[in-house]
There are 2 protein chains.
Amino acid sequence: MKNSLLFEVLAEPKRRLILDHLRQKERSVGELVALSSLSQPGVSKHLRILREAGLVGVRKEAQKHLYYLRAEPLAEIDHWLEPYRRFWSDKLAALERQLDEEE
Amino acid sequence: MKNSLLFEVLAEPKRRLILDHLRQKERSVGELVALSSLSQPGVSKHLRILREAGLVGVRKEAQKHLYYLRAEPLAEIDHWLEPYRRFWSDKLAALERQLDEEE
DNA sequence: CAGTTATATTTCTATCCAGTAATATAATGG
DNA sequence: CCATTATATTACTGGATAGAAATATAACTG
């Protein structure tokens, strides 16, 4: 999955909400429907996209499909951020220096 | 600017490209046009969105508008990633352990 | 197996947005 | 000022997509 697609997948707020819920524990589709103010088809569609992005996995237990978080692809975002990090940390360092001077 | 909007702004590949170019040095709109395979209005439109997201600033020099990177808002993305970080680092740690055992 | 529960898929529609073309604004130089 | 350069804005259009409704698939239960 390309970086660009990953950003697009995460741009949708409801999908980030689903990921947040899965961070705590695996959830069935029904549970996610209850948690998300989305219709069941809506949740299923988002889950498909998240699955194709590698961000969730499924485990089937009877009729229930239990979705769990697979956060590894997020490391790509982390990697993308890397060259930018020094910019805001520089700014923070500058701010800290300034605050020190004011004391 | 809300987290959610920031993700949407970054979801557009051309905008990420512009940010990448600005990481090296400030650039005029014309330079960005040359670098981005976008029309001038296209670049201007993206720059407006980036500016509204706080990701770039402008400095006017004669007729030229020089855009520069303002990476601070990206810290929000970094912060959003935070609770997910242990998931992939756990996975990596587990993988490393497994590789160690196999040697 | 008939009914029920749980999830997935398809179809349709309204909306959003990137890209383009045309035009407007702004600053400079002769 | 008039022409030129540089950028911004507006209006339009096509393509993508989220959401809703209807339907399909699949697995359990009695």
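Basis for what follows: all heavy atoms, side chains included, without hydrogens, waters or symmetry-related copies. Naming: A, B, ... by sequence-line order, numbering from 1 per chain.
Counting heavy atoms from C-beta on, the side chains of B:Y84 and A:L69 come closer than 4.5 Å.
Following chains of ILVMFWY side-chain contacts shorter than 4.5 Å, one can reach B:W80 starting from A:W88, so the two form part of one hydrophobic cluster. Hydrophobic clustering, with ILVMFWY side chains joined whenever heavy atoms are under 4.5 angstrom apart, keeps A:F7 apart from A:L17.
Identified under the salt bridge (Lys or Arg N to Asp or Glu O under 4.0 Å) test for residues 21-43 of chain A, with sequence neighbours left out: A:D20-A:R23, A:E26-A:R59.
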side-chain contact (heavy atoms from CB on, under 4.5 Å) between A:V56 and A:Y68, intermediate numbers included | CA-CA 5 Å; A:V56 302; A:Y68 54 90; over 6 Å; no
Run the numbers on A:L19 and A:L10 for side-chain contact (heavy atoms from CB on, under 4.5 Å), then give the verdict.
-> CA-CA 9 Å; A:L19 290 180; A:L10 294 174; 3.7 Å; yes
Evaluation steps, side-chain contact (heavy atoms from CB on, under 4.5 Å), between B:L22 and B:L32 | CA-CA 9 Å; B:L22 294 183; B:L32 291 171; 4.2 Å; yes
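Counted within 6.0 Å of CD on B:E61, heavy atoms from surrounding residues, nucleotides or ligands total 12 or fewer; the atom is thus considered open.
For A:P73, the side-chain contact (heavy atoms from CB on, under 4.5 Å) partners at least two apart in sequence or on another chain are A:L6, A:L55. Considering only residues two or more places apart in sequence or on other chains, A:H21 meets the side chain to side chain donor-acceptor pair (under 3.5 Å) condition with none of them. Judged as a side chain to side chain donor-acceptor pair (under 3.5 Å), and not counting sequence neighbours, the contacts of B:S44 are B:Q40. Taking B:R48 as the reference, B:E52 meet the salt bridge (Lys or Arg N to Asp or Glu O under 4.0 Å) condition, with sequence neighbours excluded. For the side chain to side chain donor-acceptor pair (under 3.5 Å) test, residues two or more places apart in sequence or in another chain that qualify with A:H46 are A:R15.
Within residues 18-35 of chain A, no residue places a heavy atom under 4.0 Å from DNA chain D. Within residues 56-64 of chain B, the residues approaching DNA chain D are B:Q63, B:K64, by heavy-atom distance under 4.0 Å.
Neither OP1 nor OP2 of C:dA18 sits under 4.0 Å from any side-chain N or O of B:H46.
When each of B:H65 and A:L38 is assigned the nucleotide of DNA chain D with its nearest heavy atom, B:H65 is the one assigned upstream, toward the 5' end.
Along DNA chain D, the stretch of nucleotides lying under 4.0 Å from any heavy atom of chain A spans, 5' to 3', D:dA18 to D:dC28.
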Considering only nitrogen or oxygen atoms on both sides, find all protein atoms under 3.5 Å from nucleotides 9-16 of chain C and state each distance.
residue	atom	partner	partner atom	Å
C:dT9	OP2	A:R48	NE	3.3

